[in-house]
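What follows is a set of notes on a single structure, which appears directly below.
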Amino acid sequence: MVLTLIQRDDCHLCDLALAELAKARAPEFESVFLDDQPALEARYGARVPVLRDERGERELDWPFDAATVQAWLAEGGQVVPSAGRQPPDIR
């Protein structure tokens with residue numbers, strides 16, 4: 001799973017989304033800012049923040065909370081560790 005968070009600069013909702021992703025212990029993701037990108041603005045302007053699974057081509061629109069993020073990740077095959085547990089070391 002390759003995750004991207006589509007967001008804006010100085011976006012209060014984006015800050016809230018980042019906090020929920022942290023609570024959900026979401027895996028690493030890339031942040032893409034749509035400011036000054038007309039194609040992204042046209043597609044996501046009214047929807048940001050949006051969490052996108054690039055491989056599964058799925059999107060999770062705001063508003064979401066940690067539980068919603070965990071369920072969405074699980075649907076895509078990404079295992080999210082429970083709070084208080086560390087993920088296994090698979091190196």
Among all residues two or more places apart in sequence or in another chain, which pass the salt bridge (Lys or Arg N to Asp or Glu O under 4.0 Å) test with Arg47? Glu59, Asp61
Working note: Glu75 + Gln70, criterion side-chain contact (heavy atoms from CB on, under 4.5 Å); need CA distance, chi angles, decisive distance, verdict. CA-CA 9 Å; Glu75 289 171 9; Gln70 288 181 329; over 6 Å; no
Does any part of the side chain of Leu73, heavy atoms only, come nearer than 4.5 Å to the side chain of Pro27, both counted from C-beta? yes
Residue pairs passing the side-chain hydrogen bond (donor to acceptor under 3.5 Å, both in side chains) test with at least one member in residues 10-22, sequence neighbours excluded, are Glu20-Lys23
With a 4.5 Å cut-off on side-chain heavy atoms, are Ile6 and Pro49 touching? no
Val50, Phe64: one ILVMFWY side-chain cluster at the under-4.5 Å cut-off? no
If you define the side chain from C-beta out and look only at heavy atoms, does anything of Leu34 sit under 4.5 Å from Val48? yes
Applied to residues 30-39, the side-chain hydrogen bond (donor to acceptor under 3.5 Å, both in side chains) test, sequence neighbours excluded, yields Gln7-Ser31
Is the backbone of Pro38 close enough, under 3.5 Å, to the side chain of Arg43 for a donor and an acceptor to pair up by distance? no
Phe33 CZ to Cys11 SG distance, which is reported to the nearest 0.5 Å: 9.5 Å
Do Met1 and Leu3 have side chains that approach each other closer than 4.5 Å (heavy atoms only, starting at C-beta)? yes
Minimum heavy-atom distance Tyr44-Arg52, with the two atoms named: OH-CD, 3.6 Å
Trp62 and Leu16, any side-chain heavy atoms less than 4.5 Å apart: yes
Heavy-atom check, side chain of Phe29 versus side chain of Val2, under 4.5 Å: no
Stepwise, does the side-chain contact (heavy atoms from CB on, under 4.5 Å) test hold for Leu21 with Leu51? CA-CA 9 Å; Leu21 290 168; Leu51 184 61; 3.7 Å; yes
